[in-house]
Amino acid sequence: MTTLIIGGSGFLGGELLRQGSAAGLPQAATHHSRPGRFPGVPWHRLDLRDDASVEAVLDAVAPSAVINASSGDADWAATAEGGLRLARATARRGVRLVHVSTDAVFSGHRERYDESCLPDPLTPYGAAKAAAETAVRLLCPDGAVARTSLIIGDGRSTHERAVRDLASGARSGALFTDDVRCPVHRTDLAAALWELARSPLAGTFHLAGPDAVTRHELGTLIARRDGIDPALLPRARRADTALPGPLRVVLDGRATRDRLRTRLRGAAEFLGG
């Protein structure tokens with residue numbers, strides 16, 4: 001009953017493997033460039049852009065479930081077409097698929113987005129993730145699409161590192177006061193994904209925290225936790241820039257909370273605000 005973690009060498013994938021190892025769950029993992037460091041976990045190189053690579057890894061592992069925690073960024077071949085390849089291959093084998101998606105599939109034109117909302121992306125990354133979602137929903141009706149937001153955790157996320165670098169002057173830029181998301185802690189997110197992988201629950205789930213905060217508000221919470229003066233954090237309005245993408249995306253996860261046991265904390269709670 002092995003679970004295969006796609007993207008096991010990533011930030012979220014590493015937490016999935018840590019929790020799986022702690023629980024004594026049989027698991028294997030994939031990497032694209034180099035494997036992670038988890039004793040006893042078999043590693044397989046995977047290129048989601050290549051049909052033969054996907055087929056070979058699934059044949060070698062013969063998993064009962066797959067959690068696709070890969071990012072792929074805006075690479076259409078890896079993110080969109082790779083999601084399709086994986087959905088097609090798991091469906092043919094009768095393997096349960098849990099696909100991690102993102103709030104970037106939405107435009108921000110709605111006040112809130114619940115699990116029934118269809119994607120309307122504004123960016124290439126959002127479009128690629130939306131295409132992968134569509135493949136999973138159509139080819140794996142018994143699978144799960146799990147949309148999430150900014151992933152925070154243990155000081156190691158890109159968002160937490162950016163706050164420290166901005167405060168110290170190690171990098172330029174600013175935290176936006178009009179860019180709203182629903183951050184989630186990676187331990188909560190990974191626990192929810194494991195719950196989905198080990199259950200028969202199907203459909204679309206919103207695995208985000210209940211607190212909608214701006215990037216600057218999130219940075220302030222991180223700074224206070226780390227003993228940094230929030231006044232050192234530069235601020236700006238994203239609406240005043242030419243950056244593409246939505247401003248405010250609030251994932252409404254009430255339906256998800258009714259179906260899962262795992263509790264997803266808000267940013268104010270897990271950052272000690």
Side-chain angles (χ1 to χ4, degrees), residues 1-8 12-13 15-16 19-20 23 25-30 48 54 57-58 61-72 79-106 112-121 126 128-149 151 182 184 186 188-210 249 251-264:
M1 301 295 289
T2 299
T3 298
L4 176 63
I5 310 299
I6 306 292
L12 175 58
E15 179 60 21
L16 285 163
Q19 292 188 18
L25 300 173
Q27 55 186 351
T30 75
L48 284 170
V54 173
V57 170
L58 290 177
V61 177
S64 60
V66 172
I67 302 176
N68 182 11
S70 65
S71 172
T79 302
E81 295 176 3
L84 169 60
R85 289 185 184 92
L86 189 60
R88 185 173 56 203
T90 54
R92 188 166 57 248
R93 291 167 171 79
V95 174
R96 176 164 177 76
L97 177 60
V98 177
H99 176 82
V100 180
S101 190
T102 169
D103 56 10
V105 301
F106 295 125
R112 303 178 71 86
Y113 289 88
D114 66 24
E115 294 84 350
S116 69
C117 291
L118 296 177
D120 60 340
K129 280 292 195 179
E133 274 195 17
T134 302
V136 173
R137 289 199 303 269
L138 292 178
L139 297 176
C140 305
D142 295 330
V145 170
R147 295 171 180 148
T148 191
S149 189
I151 305 174
C182 297
V184 64
R186 73 167 180 161
D188 299 346
L189 176 57
L193 291 170
W194 268 115
E195 182 178 347
L196 284 174
R198 303 180 71 196
S199 79
L201 294 172
T204 300
F205 299 82
H206 281 181
L207 303 184
V249 181
L251 292 184
D252 184 338
R254 286 174 292 183
T256 294
R257 289 194 289 272
D258 288 341
R259 301 178 71 189
L260 296 183
R261 297 186 305 274
T262 303
R263 189 172 76 88
L264 303 173

Looking at every heavy atom in both Pro121 and Ala104, which two are closest together, and how far apart are they? CB-O, 3.9 Å
Any pair with a residue in residues 140-149 that passes salt bridge (Lys or Arg N to Asp or Glu O under 4.0 Å), sequence neighbours left out, goes on the list, sorted by first then second residue, please. Glu133-Arg147
Between Thr3 (side chain only) and Pro63 (backbone N and O only), is there a donor and an acceptor less than 3.5 Å apart? no
Enter the distance from Leu264:CG to Asp188:CG here, rounded to the nearest 0.5 Å. 5.5 Å
Answer whether the closest heavy-atom distance between the side chains of Leu12 and Leu193 falls below 4.5 Å. yes
Do Thr256 and Leu251 touch side chain to side chain, with heavy atoms closer than 4.5 Å? no
Sequence neighbours excluded, which residues qualify as side chain to side chain donor-acceptor pair (under 3.5 Å) partners of Asp114? Ser116
Please tell me if the side chains of Ser199 and Arg96 come closer than 4.5 Å, counting only heavy atoms from C-beta onward. yes
Euclidean distance, Glu195 CD relative to Leu201 CG, rounded to 0.5 Å: 7.0 Å
Nearest-0.5 Å distance, CZ of residue Arg259 to CZ of residue Arg254: 15.5 Å
What heavy-atom pair brings Gln19 and Ala190 nearest, and what distance separates the two atoms? NE2-CB, 3.5 Å
Taking side chain as C-beta onward, heavy atoms only, is Leu84 less than 4.5 Å from Thr134? no
Using 30° and 60° as the class boundaries, would you call the ring planes of His206 and Phe106 parallel, tilted or perpendicular? perpendicular
For Val66 and Leu58, what are the C-alpha separation, side-chain angles and deciding distance, and is it a side-chain contact (heavy atoms from CB on, under 4.5 Å)? CA-CA 9 Å; Val66 172; Leu58 290 177; 4.1 Å; yes
Applying the side chain to side chain contact (heavy atoms under 4.5 Å, CB included) criterion to Lys129, which one of Val145, Thr102, Asp103 satisfies it? Thr102
Which heavy atom of Cys140 sits nearest to which heavy atom of Ala91, and what is that distance? SG-CB, 4.0 Å
Can you name the nearest heavy-atom pair linking Leu97 to Ala87, along with the distance? CD2-CA, 3.9 Å
Of all the heavy-atom pairs spanning Val54 and Ala89, show the shortest one and how long it is. CG1-CB, 4.0 Å
Partners passing ring pair (Phe, Tyr, Trp, His ring centres under 6.0 Å) against Phe205 (at least two apart in sequence or in another chain): none
For Leu207, run the side chain to side chain contact (heavy atoms under 4.5 Å, CB included) check against Ile151, Leu260, Val100 and tell me which one passes. Leu260
Is there a donor-acceptor pair under 3.5 Å between the side chain of Arg85 and the backbone N or O of Leu48? yes
Note, Trp194 side chain near Leu25 side chain (heavy atom, < 4.5 Å): yes
Heavy atoms of other groups near Arg198 CZ, more than 12 under 6.0 Å: no
Stepwise side-chain contact (heavy atoms from CB on, under 4.5 Å) test for Val95 and Leu4: CA-CA 10 Å; Val95 174; Leu4 176 63; over 6 Å; no
Are more than 12 heavy atoms from other residues, nucleotides or ligands located less than 6.0 Å from atom CZ of Arg92? yes
Output the distance between atom OG1 (Thr204) and atom NE2 (His99), rounded to the nearest 0.5 Å. 10.5 Å
Which pair of non-hydrogen atoms, one from Pro119 and one from Ala130, has the smallest distance, and what is that distance? CB-CB, 3.6 Å
Judged by atom type as modelled, is there a donor-acceptor pair below 3.5 Å linking the side chain of Ser101 to the main-chain atoms of Ala146? no
Side chains of Arg137 and Leu118: does their closest heavy-atom pair fall under 4.5 Å? yes
